[in-house]
Novice: 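Could you have a look at this structure, given as structure tokens, before my questions?
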2 protein chains.
Amino acid sequence: MSWSIVEIVDPARAKAFEGLFTLGSGPLHVRGSVEDHPAASPQNVDYQRRATNVTSERFTSAPRWGAYVPGLFAPHPTLGPQMVNLPFFLGLDLEHASGERLHSGSPRVRSHRRELRLDLATLARVVEFHGPSGERLSASFERFVSAEHPHLCVQRLTLTSDRATSLRLRSTIDADVRTNGYDHAQRVRLEAPGDGTILCTLRTDAGDEVRIESATTGTWEEVRATREPRRAHLLGRVMLRPGIEAVIEKRTLVTTDRDLAQPAATMAALRTRTFESLLDAHAAIWRDRWSRAGVEIEGDDESRLSARASVFHLLRAHVDDDRVAIDAKGYAGEAYWGRFFWDTEVFLLPFHLYTEPSRARSLVDFRVRTLDAAVENARRYGYRGAKYPWEADTLGRECCPNWPYADHEVHVSADVAYAFAHFAAAADPAYLLGLAARVVVETARFWMDRMETREGDAHASILGVMGPDEYAPITHNNAYTNWMAAFNLRLASQVGAAGGATSVESAEFGWAAARLGLVRAADGVLILQCEGFDRLADPRFEELWKDRSLTFGANVSQERLFRSRCLKQADVLMMMHLFPDSFTDEEVRRAWDYYLPLTTHDSSLSPAVHSILASRLGLSRDAWAFWQRGSRIDLEGSGASEGVHIAAAGGVWQMAVFGFAGLRSALVEDDPTLNPRLPEAWTALTFPLAWRGARLRVRIEMGRASVTNEGDRATGISVWGAKTFVGPAETAEFSPVPP
Amino acid sequence: MSWSIVEIVDPARAKAFEGLFTLGSGPLHVRGSVEDHPAASPQNVDYQRRATNVTSERFTSAPRWGAYVPGLFAPHPTLGPQMVNLPFFLGLDLEHASGERLHSGSPRVRSHRRELRLDLATLARVVEFHGPSGERLSASFERFVSAEHPHLCVQRLTLTSDRATSLRLRSTIDADVRTNGYDHAQRVRLEAPGDGTILCTLRTDAGDEVRIESATTGTWEEVRATREPRRAHLLGRVMLRPGIEAVIEKRTLVTTDRDLAQPAATMAALRTRTFESLLDAHAAIWRDRWSRAGVEIEGDDESRLSARASVFHLLRAHVDDDRVAIDAKGYAGEAYWGRFFWDTEVFLLPFHLYTEPSRARSLVDFRVRTLDAAVENARRYGYRGAKYPWEADTLGRECCPNWPYADHEVHVSADVAYAFAHFAAAADPAYLLGLAARVVVETARFWMDRMETREGDAHASILGVMGPDEYAPITHNNAYTNWMAAFNLRLASQVGAAGGATSVESAEFGWAAARLGLVRAADGVLILQCEGFDRLADPRFEELWKDRSLTFGANVSQERLFRSRCLKQADVLMMMHLFPDSFTDEEVRRAWDYYLPLTTHDSSLSPAVHSILASRLGLSRDAWAFWQRGSRIDLEGSGASEGVHIAAAGGVWQMAVFGFAGLRSALVEDDPTLNPRLPEAWTALTFPLAWRGARLRVRIEMGRASVTNEGDRATGISVWGAKTFVGPAETAEFSPVPP
């Protein structure tokens, strides 16, 4: 069962599972909502979401429908462009012959269970009712978003009863939905032309056309259509006899003017396929995906499931389309408006890069594609070059309505350059000779304008920035930002010619990089997060963090966060994670000892980095504790209510592979280099690894490791300091050096 | 004519004059809008104002009606409570017998002139038309908001023609108005019960009842009423004969549930009064006001008019009601939502305090009255004591929707304590023994919680604040804030017992005050605005301040302001102005030399402080230049479009009295002490001065000064270092000491 996440449905946590149970195929994602209409939680309520940081918002626990096509954005009047929540097409409602609704919130429910099959990417829901006439009724819903036909959602409903009875079934497309409380539908047309079809065409206020066609078929009778202005239904009767299953199928094709050209023809072709044939094709694709990307943990079921859930969402949320990156909620909710953050480059790219580089390519290509918007963004601020937005839409425009992030969290531009270098190092060295070089040069030009040299200083400075730690909003010479910008500049000095820089300008990039430094404490070892960091206020956690079930940020005022020596998330340590060979173990350890007691981990991006560095430092208890904390964010509490923490899912993969397996980045090693340290609870860790054209499978057990070359390219390999060479189909075995 | 401001009406600047020509009486204020409906500028447009700093907003130049009752607030959905713009009751529209409208924007206008009489507080407008039948028509409008009956607005329209003709006249109350683009009317009722009356009753969405009754009378005929949902009109015919004036009067009484109890009876009584009798009574009150508060400048007409315009608005905008303070736009526009800032305590109080202390008392009492809200505000942030809001409504709640100000610009709490001490010193020493002492103690308690001592420091710190210079948003140990907080704490240590502090707590306040210091540069003389101020970026004005017709802030991005060594307004110098005996001339001069080249004066609060300190330093050219810059803010350009800069008007008074007359604050002198240095252009400066019960009249000429005691209390007096004593009705003469 460790491929399954099972929920015994409890209304208090149903919304979290709704997010966690999101299915998707790349171009289409659907939250794991129940099929019946949640009457107590209307989905057509207008409300005004504030332009605040989402971490300071309070969301309700009411169910939220969500159907998303990545990149389909429309303008919110105060918040800017956001991904549109499309009509809810899963609707299948039951009514007893007596006229009573049999819905998932009814007191007639005897049992209610949902199950996400991670291996198959299917969601099942079984609900049993005490029927009004004393029957025992069971409704079993299955669904998947087809990997074979990624615009298609397939549903099957199987009904049984222990007595003869009849039910009324309603199949619905409900276009009366909102996105973050806002109605983006400019025009909705709903038709039921017969043959079990409901057709919804919708024009968004951004001018996009959406077409949703569903076909409901099966053992129902007397089917007729009804319409409301924003909904269309098919109503029919299902006769149930003891021991005989009644089966209804619903297939929905969701297309937009972004993609599929011939939806009607496609739908017609799909009608001839059986459920089983569609499921088999879908499952086969997922089997292959798992084999090429799955992280398998043995010895600890909880870890195994966490890793699988993370990889599941990582695979699901990737769109094979360079018009989008990966939004912060993995297309499973609206909390971050479907926008693209640095999460893609830093937290998500490695998984794709080291498992299936072609998937990584579309992610880096997205930033190439949106270079013009970044140039325009820099210009708006008065700078040359390219300033990548803190929150991007598909056009790469800055969408963030909060200036502390949009204006000051500038490291994202260097994160893009870092990701390009990472892609080049791990997958395709030629990448930096193409259009990507222009991005590297334009971001370097931005840094040239954004940095300055203060009177009396020998070094250059980047002043007034927010680093990864968002509890320090306007700081000077933030370590992470300076180091990243210097990397960006050095990279530009190397690839300058390909990116349109003269040799003089390229040289200038290199000189500028050398003039950007880090601020250190008096001991010369501790790297300060920024100038004067050690002169900030004591955060007084003992006294002020009263309710530990909430973040520190929810316990105190923002102004106290902003003046205190408290970190929302890793900042100096984040830098050390990304540049593993730039800092000595002593420096890392000193930073660890200094910052850890000050770090709140109020950001979900924090635990993974800590676990990885703890592994490096041999702090196995910390590595394990942060694994446990970071790997279950979406599996516990209200974690996935507003969408999955997809960057944290990327962090789970990184903890396993960079942390416990000790893989060093392709930016610092030519050949795969691992220094595994498994947690005590694990007996084995197995994962595939793509590295510069080689395809390996790494298996680590206590006291041994093996690397099998599953590709056609030989490669050097180093494990626990022992270097060897593995040819195609060969396996190399390793043992740790005794301490 | 130097009591008049005359406008030859030009649409491009009409809106600025509209604000500048605001009339008011304390409880009622009306912008100087034209009486006819500006058809091209509808006043009922809904729009969404952003929750941004108003200085970064762009406003249109379209006319904006405004009728305000101070303190009448209602909730804006995103911006918070704001002062409600009431129905427009001035409406008097003319139509020619031919059916053509004769309005102020018509091409038939031959001449168009408005004139504000500052001495009489009346507004006149004369417009002449080429009539459609070849007549020469003239419409002369007069109005005033009665000082005698401060809820009453009186209008007179005199029409003439050189040929017999008839006009149609429409008298309107238009309730279809918005406040900052938002409609606060929950219920509007409009009636025209005959007898020239229009009655508008309105309930705001805050539940306040507003009653507007207007009576239109005079030589019109066939009067009939028409109504629209949100407007009521009376229409009548006016027959014009050559050489004979037709006179129409309109009187409007505006009352709310905040004030007048018997509006109908009051209105009935007022109907029997002639226009002249109402005007005479009004003018007599204003004559008395001017005599007790006017600053008279001789030798320079421009300066004289600036001073008079400033005093006019200072007198107008004061409400004899401790339920309100003075809003940032002097009840002449909506740009700051009718809210109360530190402007009242620091920029406006001195004028009232040193001319009519009873007016000053209602201002300080307002903060006593709203103490509970300040205590609640502190609690919300996790502090004991009282944190006064950056932007207060009548209940003293924090209304500021922008956290950098609401959270970080904390000096306002100490400004309140400073104002209390100022009031006690200049007017009533017993004030600090009453309820005010609780305010002083509660604000001190806030500072005790808000300050902290960093490891390794002997001194205490206030971290993470914005000082008066709002281009430095989150700084540590801001000089102004620290010095003000220390003053607040010392004051609390003195009045602690009366305010509910134990002797131990009072002693602690004193110790804490002593531990708050200033940051100084290496020379030991220069006071730094905050820690690390000298390590900020060069603002590069030469290169970046390209369009000098705009503020620096409008030339560059906010993030550049926030990281640069540029000041929006005086900060260290502001402190030195408020504490004239705490800093040596050397310290002031050093600060002047250092900060002046860095100061943008993007805030209207900046020039006055500079002029005053320049006077102190003997920099007479600078004192004069800043007088010229600071005294004409509302008289030039688009200055008063969104309301008058009432704090700058207070600054004009301060420049004359504290600056050129060199009056030292009652906080540092027992007797009035002046060190006059008139600008070369002035031949004389005369002003009344109230000081601890004494009432003096000061007259300064080149080479001599005299002080006449007009009250009944003798007082010591010092001018140019010469001390003497003036008894009632005595005059003392002074000459400057030769250098």
Side-chain angles (χ1 to χ4, degrees), chain A residues 47-53 56 77-78 378-383 387 401-404 406-410 449-457 461-466 472-477 531-532 534-540 543-544 546 555-565, chain B residues 47-53 56 77-78 378-383 387 401-404 406-410 449-457 461-466 472-477 531-532 534-540 543-544 546 555-565:
Chain A
Y47 56 90
Q48 188 144 31
R49 237 188 101 186
R50 292 177 303 148
T52 183
N53 185 331
S56 68
T78 54
R379 201 198 53 73
R380 245 178 8 102
Y381 283 87
Y383 301 113
K387 178 183 185 306
N402 294 304
W403 62 262
D407 289 5
H408 296 278
E409 206 158 359
V410 287
D449 263 17
R450 186 62 180 77
M451 59 199 275
E452 48 218 320
T453 303
R454 294 174 297 193
E455 222 178 288
D457 278 354
S461 288
I462 301 177
L463 304 178
V465 303
M466 182 189 271
I474 305 179
T475 68
H476 307 314
N477 286 316
E531 286 181 7
D534 50 346
R535 303 296 289 151
L536 292 171
D538 181 343
R540 291 153 61 197
E543 173 193 344
L544 298 170
K546 285 177 185 142
N555 274 262
V556 300
S557 66
Q558 178 184 272
E559 53 92 20
R560 189 185 288 279
L561 299 175
F562 282 2
R563 72 169 191 268
S564 297
R565 215 163 50 237
Chain B
Y47 56 89
Q48 189 144 30
R49 236 187 102 186
R50 290 176 304 147
T52 183
N53 185 332
S56 67
T78 55
R379 200 198 53 72
R380 243 176 13 99
Y381 283 88
Y383 301 114
K387 179 185 186 305
N402 294 304
W403 61 261
D407 289 4
H408 296 279
E409 205 159 358
V410 286
D449 263 17
R450 186 63 180 76
M451 57 199 274
E452 49 217 319
T453 303
R454 295 175 296 193
E455 221 178 288
D457 278 354
S461 288
I462 302 177
L463 304 178
V465 303
M466 179 188 272
I474 305 180
T475 67
H476 307 315
N477 287 316
E531 286 179 7
D534 50 346
R535 303 296 289 151
L536 292 171
D538 182 344
R540 293 154 58 197
E543 172 192 344
L544 299 171
K546 286 177 184 144
N555 276 262
V556 301
S557 66
Q558 177 184 272
E559 53 92 20
R560 189 186 288 278
L561 298 175
F562 282 2
R563 72 167 192 267
S564 297
R565 215 163 49 238

Novice: So which heavy atom on Leu536(B) is nearest to which on His476(A), and how close?
Specialist: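 So the minimum-distance heavy-atom pair works out to CD2-NE2, 3.4 Å.
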Novice: To the nearest 0.5 Å, tell me how far Tyr381(B) OH sits from Arg560(A) CZ.
Specialist: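 Result: 12.5 Å between the selected atoms.
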Novice: Side-chain contact, heavy-atom cut-off 4.5 Å: Arg535(A) with Leu463(B)?
Specialist: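 Sidechains of Leu463(B) and Arg535(A): no contact.
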Novice: What part of Thr78(A) is in contact with chain B, defined as an atom under 4.5 angstrom from a non-hydrogen atom: side chain, backbone, both or neither?
Specialist: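 For Thr78(A), side-chain heavy atoms alone lie under 4.5 Å from chain B.
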Novice: Give the member of Val410(A), Leu544(A), Asp538(A), Asp457(A) that has the highest number of heavy-atom pairs under 4.5 Å with chain B.
Specialist: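 Most pairs with chain B among the choices: Asp457(A).
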Novice: Which heavy atom in Glu452(B) sits nearest to a heavy atom in Arg563(A), and how many Å separate them?
Specialist: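 The pair with the smallest heavy-atom distance is OE2-NE, 2.7 Å.
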Novice: How are the rings of His408(B) and Phe562(A) set relative to one another: parallel (under 30°), tilted (30 to 60°) or perpendicular (over 60°)?
Specialist: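 Rings of His408(B) and Phe562(A): parallel, under 30°.
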Novice: Counting only heavy atoms not in Glu543(A), do more than 12 fall under 6.0 Å of its CD?
Specialist: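 Count over threshold, so yes.
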Novice: Working to the nearest 0.5 angstrom, can you tell me the gap between Met466(A) CE and Glu559(B) CD?
Specialist: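 If we round to the nearest 0.5 Å, Met466(A):CE and Glu559(B):CD are 13.0 Å apart.
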